[in-house]
Amino acid sequence: MAVKVSSLNARRALEALGANIKTARLKRRISVKGFAERVGVSERTVIRLEKGDDGVSIGTLAMACLVLGEIDRISEFLDPGSDDTGLLLDREALPKRIDRKRGARPAGSGKEKTTLPASDDDEGVGF
């Protein structure tokens with residue numbers, strides 16, 4: 001059984017998505033009948049999709065995007081690399097400092113002082 005969307009914001013987003021799909025279809029001069037045939041659904045399902053009906057399957061949405069030549073938008077949706085909130089949460093989860101294990105020594109003899117080569121980089125990154 002499909003879950004009905006109770007959030008007003010979510011309903012508005014679905015309605016906007018449906019309107020965008022309809023606009024894209026009309027710009028491409030594709031009839032509802034032709035679009036339904038190419039997507040593989042009934043004309044009624046296309047009408048429901050374009051109205052933002054929350055009962056239309058995600059598979060139908062994917063096929064509609066494919067027919068419109070916009071399938072890449074599905075795979076890019078909520079891409080972790082461009083998810084600002086997710087990236088911020090990842091950054092906050094980073095350790096504040098990294099302690100080496102007690103008794104562990106660097107690769108050198110321990111008393112030698114290692115000097116890093118000077119960097120011309122304004123950012124201070126030498127690699």
Side-chain angles (χ1 to χ4, degrees):
M1 182 171 142
V3 176
K4 288 294 175 188
V5 175
S6 59
S7 165
L8 181 60
N9 287 337
R11 279 198 312 260
R12 285 181 180 157
L14 286 175
E15 289 169 2
L17 174 61
N20 291 344
I21 291 170
K22 182 175 183 175
T23 300
R25 176 182 61 79
L26 292 172
K27 284 183 173 183
R28 288 160 177 76
R29 309 251 191 276
I30 305 171
S31 68
V32 171
K33 182 179 180 180
F35 194 59
E37 288 172 358
R38 291 167 72 179
V39 172
V41 296
S42 68
E43 291 177 44
R44 178 71 190 130
T45 301
V46 169
I47 292 168
R48 288 177 47 223
L49 175 67
E50 292 180 350
K51 287 185 176 181
D53 186 324
D54 61 353
V56 177
S57 79
I58 195 167
T60 301
L61 173 62
M63 284 302 298
C65 289
L66 179 67
V67 169
L68 295 170
E70 299 291 342
I71 193 64
D72 290 341
R73 295 199 184 207
I74 298 283
S75 59
E76 293 170 0
F77 183 67
L78 287 177
D79 174 42
S82 59
D83 177 10
D84 292 338
T85 302
L87 293 170
L88 180 63
L89 291 170
D90 283 347
R91 184 177 185 147
E92 289 175 357
L94 291 174
K96 300 300 178 215
R97 61 186 264 187
I98 299 174
D99 293 327
R100 62 177 187 221
K101 293 182 182 179
R102 293 182 190 254
R105 298 209 175 233
S109 66
K111 292 191 176 189
E112 297 174 10
K113 190 169 185 175
T114 307
T115 52
L116 297 175
S119 172
D120 292 335
D121 189 358
D122 293 337
E123 299 293 321
V125 179
F127 50 87

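Because the structure is a prediction, the values reported are computed rather than measured.
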Measure across [X] and [Y] and return the closest heavy-atom pair with its distance rounded to 0.1 Å.
{"X": "Ile98", "Y": "Pro95", "answer": "CG1-CG, 4.3 Å"}
{"X": "Ala64", "Y": "Val39", "answer": "CA-CG2, 3.8 Å"}
{"X": "Ser31", "Y": "Gly34", "answer": "OG-N, 2.9 Å"}
{"X": "Arg38", "Y": "Ile30", "answer": "NH1-CD1, 3.7 Å"}
{"X": "Arg48", "Y": "Gly55", "answer": "NH2-C, 3.4 Å"}
{"X": "Phe35", "Y": "Val46", "answer": "CD2-CG1, 3.7 Å"}

Starting from Val56, can I reach Leu66 by hopping between I/L/V/M/F/W/Y residues whose side chains sit under 4.5 Å apart? yes
Could you state whether Leu14 and Leu68 fall into the same hydrophobic cluster, counting links through intermediate Ile, Leu, Val, Met, Phe, Trp or Tyr residues with side-chain heavy atoms under 4.5 angstrom apart? no
Looking at residues at least two apart in the chain, or sitting in another chain, which of them share a side chain to side chain donor-acceptor pair (under 3.5 Å) with Ser57? Thr60
Is there a donor-acceptor contact under 3.5 Å from the side chain of Arg91 to the main chain of Leu87? no
To the nearest 0.5 Å, what is the distance between OG1 (Thr23) and CD (Glu50)? 8.5 Å
d(Ile58 CD1, Met63 CE) to nearest 0.5 Å is 14.0 Å
Scan residues 9-18 for pairs that pass side chain to side chain donor-acceptor pair (under 3.5 Å), counting only residues two or more places apart or in two chains. none
Close side-chain approach of Thr45 and Leu49, heavy atoms under 4.5 Å: no
Residue pair Leu17 / Leu61, side-chain heavy-atom distance below 4.5 Å: yes
Taking Glu92 as the fixed residue, which of Leu89, Leu94, Asp90 is the one that meets the side-chain contact (heavy atoms from CB on, under 4.5 Å) rule? Leu89
Evaluate the side-chain contact (heavy atoms from CB on, under 4.5 Å) criterion for residues Val32 and Arg25: first the C-alpha distance (whole Å), next the side-chain angles of each, then the deciding distance (0.1 Å), finally the verdict. CA-CA 8 Å; Val32 171; Arg25 176 182 61 79; 3.5 Å; yes
